[in-house]
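Take a look at the structure set out below.
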Amino acid sequence: MNESRTEHAATVTIPEPGAFRFAENLSYLSRSSNECMYQIRQNTVRKALACDQETAVVEVSEDEYQHIAIRFLGNSPPSARMRAYAEAYVRDWLDLNTDISSFYELAENDELLRDVVPRFYGLRVIGIPDLFEAVCWGIIGQQINLAFAYTLKRRFVEAFGQAVPYEGDSYWLFPSPETTAGLSVQDLAPLQMSGRKSEYLIHVATLIAEGRLTKEMLLASSGCKQAEQLLTAIRGIGPWTANYVLMRCLRFADAFPIDDVGLHNAIKLLLHQEAKPTKAALQRLARRWQGWEAYATFYLWRTLY
DNA sequence: TCCCAGGCCTCGG
DNA sequence: CCGAGGCATGGG
(Lines give C-alpha, C1' and ligand atoms only; values in the text may rest on other atoms or scores of the structure.)
Protein backbone atom coordinates (compact mmCIF):
# COMPACT_ATOMS: atom_id res chain seq x y z
CA MET A 1 0.00 0.00 0.00
CA ASN A 2 1.27 3.38 -0.93
CA GLU A 3 -0.04 5.49 1.92
CA SER A 4 -0.17 9.25 1.67
CA ARG A 5 1.11 11.61 4.32
CA THR A 6 -2.25 11.96 6.05
CA GLU A 7 -1.90 9.20 8.58
CA HIS A 8 -4.44 10.26 11.17
CA ALA A 9 -7.03 7.55 10.58
CA ALA A 10 -9.06 10.30 9.06
CA THR A 11 -11.42 8.42 6.87
CA VAL A 12 -15.11 7.89 7.49
CA THR A 13 -16.94 5.32 5.41
CA ILE A 14 -20.65 5.03 4.76
CA PRO A 15 -22.28 2.03 3.10
CA GLU A 16 -24.16 3.02 -0.03
CA PRO A 17 -27.92 2.59 -0.02
CA GLY A 18 -29.68 0.67 -2.76
CA ALA A 19 -30.39 2.38 -6.06
CA PHE A 20 -27.31 4.55 -5.70
CA ARG A 21 -24.47 5.02 -8.15
CA PHE A 22 -21.60 7.23 -7.12
CA ALA A 23 -20.51 7.95 -10.67
CA GLU A 24 -23.98 9.09 -11.65
CA ASN A 25 -24.05 11.60 -8.83
CA LEU A 26 -20.54 12.79 -9.59
CA SER A 27 -21.66 13.31 -13.15
CA TYR A 28 -24.39 15.65 -11.95
CA LEU A 29 -21.92 17.48 -9.71
CA SER A 30 -19.71 18.02 -12.76
CA ARG A 31 -22.35 19.89 -14.71
CA SER A 32 -20.71 23.30 -14.41
CA SER A 33 -17.01 23.96 -14.73
CA ASN A 34 -17.73 27.25 -12.97
CA GLU A 35 -18.91 25.66 -9.72
CA CYS A 36 -17.01 27.17 -6.79
CA MET A 37 -18.26 25.21 -3.76
CA TYR A 38 -16.41 21.99 -4.59
CA GLN A 39 -13.86 20.58 -7.00
CA ILE A 40 -14.18 17.40 -9.01
CA ARG A 41 -10.97 15.55 -9.65
CA GLN A 42 -10.94 12.16 -11.31
CA ASN A 43 -13.54 10.12 -9.50
CA THR A 44 -13.66 12.20 -6.35
CA VAL A 45 -15.07 15.46 -5.12
CA ARG A 46 -13.28 17.77 -2.70
CA LYS A 47 -14.92 20.35 -0.54
CA ALA A 48 -14.31 22.56 2.48
CA LEU A 49 -16.43 22.06 5.57
CA ALA A 50 -16.77 24.10 8.74
CA CYS A 51 -18.06 22.89 12.07
CA ASP A 52 -18.08 25.53 14.77
CA GLN A 53 -14.67 27.20 14.37
CA GLU A 54 -13.01 24.13 12.87
CA THR A 55 -12.46 23.86 9.13
CA ALA A 56 -11.48 20.89 7.01
CA VAL A 57 -11.11 19.87 3.39
CA VAL A 58 -12.59 16.47 2.62
CA GLU A 59 -12.33 14.22 -0.39
CA VAL A 60 -15.37 12.10 -1.07
CA SER A 61 -14.94 8.97 -3.15
CA GLU A 62 -16.22 5.43 -3.55
CA ASP A 63 -14.14 2.52 -2.33
CA GLU A 64 -14.05 -0.95 -3.84
CA TYR A 65 -16.65 -2.26 -1.40
CA GLN A 66 -19.44 0.12 -2.47
CA HIS A 67 -18.87 2.43 0.43
CA ILE A 68 -18.66 6.19 0.32
CA ALA A 69 -15.32 7.23 1.77
CA ILE A 70 -14.78 10.65 3.29
CA ARG A 71 -11.08 11.33 3.64
CA PHE A 72 -9.83 14.34 5.56
CA LEU A 73 -7.03 16.09 3.74
CA GLY A 74 -4.39 18.13 5.47
CA ASN A 75 -2.13 17.50 8.40
CA SER A 76 -4.31 18.21 11.40
CA PRO A 77 -6.59 15.39 12.42
CA PRO A 78 -10.27 16.26 12.56
CA SER A 79 -12.06 16.35 15.88
CA ALA A 80 -14.72 13.78 16.65
CA ARG A 81 -17.29 16.51 16.17
CA MET A 82 -15.95 17.33 12.75
CA ARG A 83 -15.96 13.67 11.73
CA ALA A 84 -19.58 13.33 12.78
CA TYR A 85 -20.46 16.60 11.06
CA ALA A 86 -18.80 15.52 7.82
CA GLU A 87 -20.61 12.20 7.79
CA ALA A 88 -23.96 13.89 8.39
CA TYR A 89 -23.16 16.48 5.74
CA VAL A 90 -22.30 13.91 3.07
CA ARG A 91 -25.32 11.77 3.94
CA ASP A 92 -27.51 14.81 3.45
CA TRP A 93 -25.65 16.11 0.38
CA LEU A 94 -25.92 12.81 -1.53
CA ASP A 95 -29.28 11.83 0.01
CA LEU A 96 -27.94 8.55 1.38
CA ASN A 97 -30.68 8.23 3.98
CA THR A 98 -33.62 8.06 1.59
CA ASP A 99 -35.10 4.87 0.19
CA ILE A 100 -36.11 5.82 -3.34
CA SER A 101 -37.40 2.41 -4.41
CA SER A 102 -41.03 3.54 -4.45
CA PHE A 103 -40.06 6.43 -6.74
CA TYR A 104 -38.49 3.94 -9.12
CA GLU A 105 -41.61 1.79 -9.01
CA LEU A 106 -43.80 4.77 -9.75
CA ALA A 107 -41.52 5.76 -12.62
CA GLU A 108 -42.09 2.48 -14.42
CA ASN A 109 -45.67 3.52 -15.11
CA ASP A 110 -44.97 7.11 -16.09
CA GLU A 111 -44.69 8.15 -19.71
CA LEU A 112 -41.88 10.62 -19.01
CA LEU A 113 -39.95 8.93 -16.22
CA ARG A 114 -40.11 5.45 -17.72
CA ASP A 115 -37.33 6.39 -20.13
CA VAL A 116 -35.53 8.98 -18.02
CA VAL A 117 -34.97 7.07 -14.79
CA PRO A 118 -32.99 4.17 -16.34
CA ARG A 119 -30.75 6.67 -18.14
CA PHE A 120 -29.66 8.12 -14.79
CA TYR A 121 -30.11 5.10 -12.55
CA GLY A 122 -28.68 5.73 -9.09
CA LEU A 123 -28.87 9.52 -9.24
CA ARG A 124 -29.99 11.24 -6.05
CA VAL A 125 -31.39 14.71 -5.54
CA ILE A 126 -28.10 16.39 -4.74
CA GLY A 127 -28.68 18.54 -1.68
CA ILE A 128 -27.59 21.95 -0.50
CA PRO A 129 -27.52 21.21 3.23
CA ASP A 130 -26.87 24.77 4.35
CA LEU A 131 -30.09 26.81 4.40
CA PHE A 132 -28.49 30.17 3.70
CA GLU A 133 -26.51 28.78 0.78
CA ALA A 134 -29.63 27.11 -0.62
CA VAL A 135 -31.73 30.28 -0.39
CA CYS A 136 -28.96 32.40 -1.89
CA TRP A 137 -28.50 29.99 -4.78
CA GLY A 138 -32.23 30.11 -5.42
CA ILE A 139 -32.37 33.88 -5.37
CA ILE A 140 -29.24 34.24 -7.50
CA GLY A 141 -30.68 31.85 -10.06
CA GLN A 142 -33.95 33.71 -10.48
CA GLN A 143 -34.63 34.77 -14.03
CA ILE A 144 -31.06 34.49 -15.37
CA ASN A 145 -29.36 31.75 -17.30
CA LEU A 146 -27.52 29.13 -15.29
CA ALA A 147 -24.08 30.04 -16.61
CA PHE A 148 -24.44 33.59 -15.36
CA ALA A 149 -25.86 32.32 -12.06
CA TYR A 150 -22.71 30.28 -11.48
CA THR A 151 -20.60 33.34 -12.25
CA LEU A 152 -22.54 35.48 -9.80
CA LYS A 153 -22.26 32.83 -7.11
CA ARG A 154 -18.53 32.53 -7.64
CA ARG A 155 -18.04 36.29 -7.37
CA PHE A 156 -20.13 36.41 -4.20
CA VAL A 157 -18.31 33.48 -2.60
CA GLU A 158 -14.85 34.69 -3.53
CA ALA A 159 -15.62 38.21 -2.32
CA PHE A 160 -17.25 37.37 1.01
CA GLY A 161 -16.65 33.68 1.76
CA GLN A 162 -13.69 32.05 3.44
CA ALA A 163 -10.97 30.22 1.58
CA VAL A 164 -9.61 27.03 3.12
CA PRO A 165 -6.26 26.31 1.47
CA TYR A 166 -4.98 22.86 0.62
CA GLU A 167 -2.07 22.01 -1.67
CA GLY A 168 -2.16 25.38 -3.36
CA ASP A 169 -5.90 25.37 -4.05
CA SER A 170 -8.61 27.30 -2.28
CA TYR A 171 -11.69 25.46 -1.09
CA TRP A 172 -14.41 27.94 -0.32
CA LEU A 173 -16.83 28.19 2.55
CA PHE A 174 -20.02 30.00 1.63
CA PRO A 175 -20.32 33.55 3.02
CA SER A 176 -22.00 33.51 6.41
CA PRO A 177 -25.41 35.06 7.00
CA GLU A 178 -23.78 37.34 9.57
CA THR A 179 -21.25 38.67 7.08
CA THR A 180 -23.87 39.06 4.39
CA ALA A 181 -26.29 40.79 6.73
CA GLY A 182 -23.63 43.45 7.26
CA LEU A 183 -23.29 44.22 3.55
CA SER A 184 -25.01 46.95 1.57
CA VAL A 185 -26.42 46.89 -1.93
CA GLN A 186 -23.40 48.97 -2.94
CA ASP A 187 -21.08 46.20 -1.72
CA LEU A 188 -22.75 43.70 -4.04
CA ALA A 189 -23.10 45.96 -7.08
CA PRO A 190 -19.53 45.32 -8.34
CA LEU A 191 -20.43 41.64 -8.68
CA GLN A 192 -23.08 42.65 -11.25
CA MET A 193 -25.77 41.54 -8.85
CA SER A 194 -28.97 43.45 -9.48
CA GLY A 195 -30.03 45.88 -6.80
CA ARG A 196 -33.18 43.91 -6.21
CA LYS A 197 -31.38 40.61 -5.73
CA SER A 198 -28.88 42.27 -3.43
CA GLU A 199 -31.74 43.49 -1.25
CA TYR A 200 -33.22 40.00 -1.14
CA LEU A 201 -29.90 38.38 -0.19
CA ILE A 202 -29.13 40.88 2.55
CA HIS A 203 -32.63 40.64 3.95
CA VAL A 204 -32.72 36.85 4.14
CA ALA A 205 -29.20 36.88 5.60
CA THR A 206 -30.51 39.10 8.38
CA LEU A 207 -33.42 36.75 9.09
CA ILE A 208 -31.13 33.73 9.32
CA ALA A 209 -28.44 35.53 11.30
CA GLU A 210 -31.05 36.59 13.84
CA GLY A 211 -32.48 33.09 14.09
CA ARG A 212 -35.80 34.17 12.64
CA LEU A 213 -35.51 31.60 9.84
CA THR A 214 -34.06 28.13 10.50
CA LYS A 215 -34.18 24.66 9.02
CA GLU A 216 -35.77 23.40 12.21
CA MET A 217 -38.57 25.90 11.81
CA LEU A 218 -39.29 24.72 8.27
CA LEU A 219 -39.01 21.04 9.16
CA ALA A 220 -41.41 21.55 12.04
CA SER A 221 -44.10 22.68 9.59
CA SER A 222 -47.13 20.48 9.17
CA GLY A 223 -45.99 19.78 5.64
CA CYS A 224 -44.50 21.12 2.44
CA LYS A 225 -47.33 23.58 1.84
CA GLN A 226 -46.99 25.22 5.23
CA ALA A 227 -43.20 25.39 4.90
CA GLU A 228 -43.73 27.01 1.50
CA GLN A 229 -45.92 29.64 3.11
CA LEU A 230 -43.24 30.45 5.68
CA LEU A 231 -40.74 30.96 2.89
CA THR A 232 -42.91 32.90 0.46
CA ALA A 233 -43.77 35.35 3.22
CA ILE A 234 -40.17 36.52 2.87
CA ARG A 235 -39.50 39.25 0.35
CA GLY A 236 -37.66 37.87 -2.66
CA ILE A 237 -38.83 34.31 -2.15
CA GLY A 238 -41.69 33.33 -4.43
CA PRO A 239 -43.19 29.90 -5.14
CA TRP A 240 -40.31 28.82 -7.34
CA THR A 241 -37.54 29.69 -4.89
CA ALA A 242 -39.49 28.29 -1.93
CA ASN A 243 -40.01 24.92 -3.58
CA TYR A 244 -36.45 24.88 -4.85
CA VAL A 245 -35.18 25.33 -1.28
CA LEU A 246 -37.64 22.81 0.15
CA MET A 247 -36.46 20.31 -2.42
CA ARG A 248 -32.69 20.82 -2.26
CA CYS A 249 -32.24 21.77 1.38
CA LEU A 250 -35.17 20.57 3.49
CA ARG A 251 -35.61 17.47 1.35
CA PHE A 252 -39.36 17.55 1.09
CA ALA A 253 -39.93 14.84 -1.50
CA ASP A 254 -43.18 16.54 -2.53
CA ALA A 255 -41.63 19.95 -3.11
CA PHE A 256 -42.36 20.92 -6.68
CA PRO A 257 -41.11 24.05 -8.48
CA ILE A 258 -43.86 23.83 -11.07
CA ASP A 259 -42.99 27.24 -12.56
CA ASP A 260 -39.45 26.19 -13.39
CA VAL A 261 -38.54 27.01 -16.96
CA GLY A 262 -35.95 24.23 -17.06
CA LEU A 263 -38.59 21.69 -16.12
CA HIS A 264 -40.84 23.06 -18.85
CA ASN A 265 -38.09 22.79 -21.44
CA ALA A 266 -37.18 19.27 -20.39
CA ILE A 267 -40.78 18.12 -20.77
CA LYS A 268 -41.18 19.91 -24.08
CA LEU A 269 -38.08 18.21 -25.46
CA LEU A 270 -38.94 14.75 -24.12
CA LEU A 271 -42.44 14.91 -25.58
CA HIS A 272 -41.19 16.41 -28.85
CA GLN A 273 -43.59 19.28 -28.55
CA GLU A 274 -43.42 22.72 -30.12
CA ALA A 275 -44.56 24.60 -27.05
CA LYS A 276 -43.85 24.39 -23.37
CA PRO A 277 -46.45 22.55 -21.31
CA THR A 278 -49.30 24.55 -19.87
CA LYS A 279 -49.84 24.68 -16.15
CA ALA A 280 -52.76 22.31 -16.50
CA ALA A 281 -50.61 19.84 -18.43
CA LEU A 282 -47.94 20.05 -15.74
CA GLN A 283 -50.45 19.39 -13.01
CA ARG A 284 -51.78 16.43 -14.92
CA LEU A 285 -48.29 14.93 -15.36
CA ALA A 286 -47.41 15.58 -11.74
CA ARG A 287 -50.47 13.80 -10.42
CA ARG A 288 -48.64 10.54 -10.99
CA TRP A 289 -45.57 11.77 -9.17
CA GLN A 290 -47.42 12.43 -5.93
CA GLY A 291 -45.05 12.32 -3.02
CA TRP A 292 -42.03 12.23 -5.34
CA GLU A 293 -42.37 15.51 -7.24
CA ALA A 294 -38.89 16.61 -6.20
CA TYR A 295 -37.24 13.48 -7.55
CA ALA A 296 -39.25 13.62 -10.75
CA THR A 297 -38.21 17.24 -11.28
CA PHE A 298 -34.57 16.52 -10.56
CA TYR A 299 -34.42 13.64 -13.02
CA LEU A 300 -36.11 15.74 -15.68
CA TRP A 301 -33.63 18.56 -15.08
CA ARG A 302 -30.86 16.04 -15.49
CA THR A 303 -31.92 15.39 -19.09
CA LEU A 304 -30.97 18.96 -19.96
CA TYR A 305 -27.22 18.62 -19.33
C1' DT B 1 -30.92 43.53 -32.29
C1' DC B 2 -34.03 40.43 -30.12
C1' DC B 3 -35.22 36.83 -27.10
C1' DC B 4 -34.66 33.83 -23.45
C1' DA B 5 -32.70 32.67 -18.87
C1' DG B 6 -33.79 27.34 -12.85
C1' DG B 7 -38.66 34.77 -10.93
C1' DC B 8 -40.42 38.16 -8.04
C1' DC B 9 -42.51 42.50 -6.73
C1' DT B 10 -45.54 46.25 -7.59
C1' DC B 11 -49.33 48.31 -9.49
C1' DG B 12 -53.74 48.95 -12.06
C1' DG B 13 -57.89 46.86 -13.27
C1' DC C 1 -57.75 37.49 -8.10
C1' DC C 2 -55.19 38.52 -12.65
C1' DG C 3 -52.13 40.46 -16.18
C1' DA C 4 -48.52 43.77 -17.47
C1' DG C 5 -44.31 46.09 -16.64
C1' DG C 6 -39.76 46.61 -14.57
C1' DC C 7 -35.62 44.69 -13.03
C1' DA C 8 -30.08 43.76 -14.83
C1' DT C 9 -27.16 41.03 -17.41
C1' DG C 10 -25.16 37.30 -20.28
C1' DG C 11 -25.46 34.26 -24.13
C1' DG C 12 -27.22 32.42 -28.44
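To find a chain, count down the sequence lines: A is the first, B the second, and so on, and within it residues start at 1. Values below: every heavy atom of this structure, side chains too, minus hydrogens, waters and symmetry copies. Small disclaimer: the values here were computed from a predicted structure and weren't measured.
Residue Ile234(A) is classed as a sugar-phosphate contact, given heavy-atom separations below 4.0 Å to backbone atoms only. Using a 4.0 Å heavy-atom cutoff across all strands shown, Leu263(A) reaches no nucleic acid atom at all. Nucleic acid contact for Thr241(A): sugar-phosphate only, since backbone atoms but no base atoms lie under 4.0 Å from a heavy atom of the residue. Note on Pro257(A): nothing from the nucleic acid sits closer than 4.0 angstrom, heavy atoms only.
Here, dA8(C) and dC11(B) have their P atoms 15 Å apart, quoted to the whole Å.
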What nitrogen or oxygen pairs link the protein and nucleotides 5-9 of chain C at under 3.5 Å?
| residue | atom | partner | partner atom | Å |
| --- | --- | --- | --- | --- |
| dA8(C) | OP1 | Gly195(A) | N | 3.3 |
| dA8(C) | OP1 | Arg196(A) | N | 3.3 |

Give me the distances for all protein-to-nucleotides 11-13 of chain B N/O pairs that come in under 3.5 Å?
none

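Under the ring pair (Phe, Tyr, Trp, His ring centres under 6.0 Å) rule, Trp137(A) has a single partner from Phe156(A), Tyr150(A), Phe174(A), which is Tyr150(A).
Every side-chain contact (heavy atoms from CB on, under 4.5 Å) that Ala242(A) has, sequence neighbours left out, goes to Glu228(A), Leu231(A), Thr232(A), Ile237(A). Glu87(A) is linked by a side-chain hydrogen bond (donor to acceptor under 3.5 Å, both in side chains) to Arg91(A), counting only residues two or more places apart in sequence or in another chain. Listed by chain and residue number, nothing satisfies the side-chain hydrogen bond (donor to acceptor under 3.5 Å, both in side chains) test with Arg287(A) (two or more places apart in sequence, or in another chain).
Distance, Trp301(A) CH2 to dA5(B) P: 15 Å, rounded to whole Å. Atom CG of Leu269(A) and atom C1' of dA5(B) are 15 Å apart (whole Å). Rounded to an integer number of Å, the gap from Ile258(A) CD1 to dG7(B) P is 14 Å. Distance Leu304(A) CG to dA5(B) P: 11 Å, rounded to the nearest Å. With rounding to whole Å, Asp259(A) atom CG is found 15 Å from dA5(B) atom C1'.
In this structure, Lys279(A) does not reach the dC2(C) phosphate: none of its side-chain N or O atoms is under 4.0 Å from OP1 or OP2.
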For Glu133(A) and Met37(A), run side chain to side chain contact (heavy atoms under 4.5 Å, CB included): C-alpha distance rounded to whole Å, both residues' side-chain angles, the deciding distance at 0.1 Å, then the answer. CA-CA 10 Å; Glu133(A) 181 182 340; Met37(A) 294 307 295; 3.7 Å; yes

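Salt bridge annotation for Glu199(A)-Arg235(A): present, with a cationic side-chain nitrogen under 4.0 angstrom from a carboxylate oxygen. A salt bridge does not link Asp63(A) to Arg71(A): none of the charged side-chain nitrogens sits closer than 4.0 Å to a carboxylate oxygen.
Near DNA chain C, meaning a heavy atom under 4.0 Å away, there are no residues from residues 118-130 of chain A.
Distance CD/Gln192(A) to NZ/Lys197(A): 12.5 Å, rounded to 0.5 Å. Distance CD/Gln39(A) to OG1/Thr44(A): 9.5 Å, rounded to 0.5 Å.
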